[in-house]
Visitor: 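Take a look at this one; I'll ask things after.
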Protein chains: 2
Amino acid sequence: MDNRELILQSALDLFYARGYDAVGVQEIVDRAGVTKPTLYYYFGSKLGLLQKLLESQCQILNQGVEEAAKKEGNLPEILYGVARFFFDFAASHEKFYLFMLALFYSGRENEAFQTVAPFIESHYNMILGIFEAAAPQLGNMRGRQKLFAVGFTGVLNHHIMMVSYGRKIDEKFEISNETTYEIVHQFLYGIYT
Amino acid sequence: MDNRELILQSALDLFYARGYDAVGVQEIVDRAGVTKPTLYYYFGSKLGLLQKLLESQCQILNQGVEEAAKKEGNLPEILYGVARFFFDFAASHEKFYLFMLALFYSGRENEAFQTVAPFIESHYNMILGIFEAAAPQLGNMRGRQKLFAVGFTGVLNHHIMMVSYGRKIDEKFEISNETTYEIVHQFLYGIYT
DNA sequence: TGTACATTATACCAATCGGTATATAAGAAA
DNA sequence: TTTCTTATATACCGATTGGTATAATGTACA
């Protein structure tokens with residue numbers, strides 16, 4: 001790993017653990033084994049570092065969601081594929097995904113939120129697109145697409161977060177393939193089955 | 001409002017807008033029209049201020065959820081009541097609820113997260129209790145109580161957050177009584193109805 | 001009146017914040 | 001060899017961080 005990547009990695013580690021605002025640049029460069037001018041050479045500012053961090057990872061995420069959303073199949077199949085990809089991505093990029101979630105929920109006037117907002121928006125639009133494309137299968141949606149999109153991402157994100165939270169409080173919240181199936185099934189058909 | 005309350009209010013305003021770590025005590029006391037020793041007289045530290053803020057509001061929240069959860073009725077009725085209370089509380093205490101959500105999603109090693117964690121935990125246990133109490137109505141739960149509790153709170157929280165987010169991007173995400181009904185209905189019976 | 005307590009301000013602390021001016025080292029191109 | 005570019009470190013900047021020592025209020029009670 002070159003210094004640029006070392007900085008990105010140590011920034012992610014620290015941002016994930018304590019959040020963007022609670023971590024200083026000095027700590028980031030110390031952990032990466034470099035000095036501040038190196039960080040400012042590559043990223044220009046602390047916010048620039050965050051931007052590059054988001055760009056590199058979000059590209060993978062959004063591309064994967066788009067692929068899963070464009071697959072052939074009916075709504076249940078697509079939602080299952082999207083959920084599966086989500087949980088896989090969250091597992092293999094756990095620090096990044098949870099950090100991004102934290103940013104999404106952070107104060108609207110926070111600089112870091114404003115940096116992540118465009119990525120989240122395109123993300124949300126892709127999920128919304130799934131339900132709009134499925135309108136023929138769902139009958140009269142009466143504008144419930146948004147409700148579904150919000151509900152679906154809300155369930156997925158909360159489950160992802162609870163996996164990490166569960167480890168902390170020593171409860172088990174693993175998301176196996178069967179669990180993924182149950183989550184999507186519950187979303188589609190409710191809890192009475 | 002006395003100085004103590006002025007400090008709590010301006011702290012909430014600022015924490016909500018930019019997050020706990022991004023806001024300094026100087027800014028809080030400036031906004032409240034007092035000076036730092038006054039803040040330290042009442043709260044001892046910045047973290048102590050956060051603690052008092054959480055205590056005062058969480059008590060109202062958790063008490064309301066408990067009442068809604070203990071009401072007579074079948075599961076759908078109880079869940080609707082809980083959701084209704086949640087959305088009402090989030091509307092009337094919007095800044096606080098969204099700030100608490102932000103804390104919940106923030107880094108696990110962040111001091112502020114550790115302060116909010118116990119409140120969230122008792123909160124989660126109350127929701128979990130609803131599903132465990134409803135086990136007779138739901139047949140064999142096969143340990144899905146946790147899944148339901150996480151899913152239900154995930155949906156509610158994400159909707160609450162999207163109301164505020166929607167205002168920002170100029171989309172409408174209002175949660176009327178009918179919307180609340182639809183959200184709970186979708187949770188119970190899925191999207192095909 | 002005197003005294004004790006609760007409350008608040010002035011003025012300060014060391015440490016850290018994000019960021020940079022300057023110098024230097026290494027490698028490629030001339 | 002000289003020069004240019006890339007990449008890095010030393011040492012610093014003013015501003016802000018959370019927090020406090022000290023003193024001055026106001027008020028209540030003796």
Side-chain angles (χ1 to χ4, degrees), chain A residues 1-56 99 102-103 106-107 109-117, chain B residues 1-56 99 102-103 106-107 109-117:
Chain A
M1 264 207 288
D2 61 9
N3 283 339
R4 205 189 107 102
E5 282 181 72
L6 281 171
I7 292 169
L8 282 169
Q9 184 59 54
S10 71
L12 179 55
D13 290 345
L14 292 166
F15 290 164
Y16 159 77
R18 303 213 311 281
Y20 176 81
D21 289 304
V23 174
V25 283
Q26 188 65 57
E27 200 178 352
I28 296 171
V29 296
D30 284 350
R31 178 180 248 259
V34 298
T35 55
K36 278 204 275 183
T38 304
L39 186 151
Y40 284 91
Y41 173 76
Y42 286 115
F43 304 104
S45 66
K46 189 188 177 188
L47 215 54
L49 167 61
L50 175 65
Q51 177 88 34
K52 294 294 179 195
L53 192 59
L54 291 172
E55 277 173 12
S56 66
F99 171 52
L103 287 182
S106 72
E109 285 164 44
N110 184 298
E111 281 184 335
F113 170 79
Q114 288 166 16
T115 307
V116 83
Chain B
M1 265 204 288
D2 62 10
N3 283 340
R4 204 189 109 101
E5 282 182 72
L6 281 171
I7 292 169
L8 282 170
Q9 184 58 54
S10 72
L12 178 55
D13 290 346
L14 292 166
F15 289 164
Y16 159 76
R18 301 212 315 280
Y20 176 80
D21 289 303
V23 174
V25 282
Q26 187 65 58
E27 201 178 351
I28 296 171
V29 296
D30 284 351
R31 178 180 249 259
V34 298
T35 55
K36 280 204 274 183
T38 304
L39 187 151
Y40 284 91
Y41 173 76
Y42 286 115
F43 304 104
S45 67
K46 189 187 176 188
L47 215 54
L49 167 60
L50 175 64
Q51 177 86 36
K52 293 294 179 196
L53 192 59
L54 290 173
E55 277 172 12
S56 67
F99 171 53
L103 287 182
S106 71
E109 285 164 43
N110 185 298
E111 281 184 335
F113 170 80
Q114 289 166 15
T115 307
V116 83

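Residue numbers begin at 1 in each chain, while the letters A, B, ... track the order of the sequences. Owing to the predicted nature of the structure, the values given are computational and were not obtained by experimental measurement.
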Visitor: Out of the candidates B:Y41, B:Y40, B:Y42, only one should pair with B:T38 under the side chain to side chain contact (heavy atoms under 4.5 Å, CB included) rule; please name it.
Guide: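 Of B:Y41, B:Y40, B:Y42, side chain to side chain contact (heavy atoms under 4.5 Å, CB included) with B:T38 is met by B:Y42 alone.
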Visitor: Taking atom types as they are modelled, would you say the side chain of B:K36 forms a donor-acceptor pair with the base of D:dG19 within the 3.5 Å cutoff?
Guide: yes
Visitor: Please pick, from D:dT6, C:dA6, C:dA9, the nucleotide with the shortest atom-to-atom distance to any side-chain atom of A:Y41.
Guide: D:dT6
Visitor: For DNA chain D, whose closest nucleotide is more 5', that of A:Q26 or that of A:T35?
Guide: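 First, find each residue's nearest nucleotide; the 5'-ward one identifies A:T35.
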Visitor: Closest to the A:K46 side chain: C:dG18, C:dA9, C:dT7?
Guide: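 The listed nucleotide nearest to A:K46's side chain is C:dG18.
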Visitor: Without decimals, in angstroms, what is the distance between B:E111 CD and D:dT17 P?
Guide: 16 Å
Visitor: Does A:S45 place a side-chain N or O at less than 4.0 Å from the phosphate oxygens OP1/OP2 of C:dG18?
Guide: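 It does not, given that no N or O in the side chain of A:S45 lies less than 4.0 Å from OP1 or OP2 of C:dG18.
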Visitor: Would you mind reading off the distance between B:Y42 atom OH and D:dG19 atom C1', rounded to a whole angstrom?
Guide: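 After rounding, the reported distance stands at 18 Å.
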Visitor: Roughly, in whole Å, what's the span from CG in B:D2 to P in D:dG26?
Guide: 18 Å
Visitor: Between C1' on D:dT6 and CZ on A:F43, what's the gap in Å once rounded to a whole number?
Guide: 15 Å
Visitor: Are any of the side-chain nitrogens in B:R18 or B:E27 under 4.0 Å away from the carboxylate oxygens of its partner?
Guide: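 Looking at B:R18 and B:E27, the cut-off is met.
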Visitor: Please give, in whole Å, the distance from C:dG19 P to A:E27 CD?
Guide: 16 Å
Visitor: Considering only side-chain heavy atoms of B:P37, which listed nucleotide, C:dG19, C:dT20, C:dT10, is closest?
Guide: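 Comparing C:dG19, C:dT20, C:dT10 against the side chain of B:P37, the answer is C:dT10.
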Visitor: C:dG19, C:dT8, D:dG19: which one has an atom nearest the side-chain heavy atoms of A:Y40?
Guide: C:dG19
Visitor: How about A:V34 and A:L39: do any of their side-chain heavy atoms sit closer than 4.5 Å?
Guide: no
Visitor: Measure the distance from CD1 on A:I28 to P on C:dG19 and round it to the nearest whole Å.
Guide: 11 Å
Visitor: Would you mind reporting whether B:V29 and B:T35 have side-chain heavy atoms less than 4.5 Å apart?
Guide: no
Visitor: Taking CG from B:L14 and P from D:dG18, how many angstroms apart are they, rounded to a whole number?
Guide: 12 Å
Visitor: Look at all strands and tell whether B:V23 reaches a base, only sugar-phosphate, or nothing, counting heavy atoms closer than 4.0 Å.
Guide: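 Sugar-phosphate, backbone atoms only, no base.
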Visitor: Quick one: B:L47 CG to D:dT17 C1', roughly how many Å, whole number?
Guide: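 It is 15 Å, rounded to the nearest whole Å.
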Visitor: Side chain of B:Y20, backbone of B:L47: donor and acceptor closer than 3.5 Å?
Guide: yes
Visitor: Nearest heavy atom decides the nucleotide; on that basis, is B:N3 or A:V25 closer to the 5' end of DNA chain C?
Guide: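 Closest to the 5' end, via its nearest nucleotide, is B:N3.
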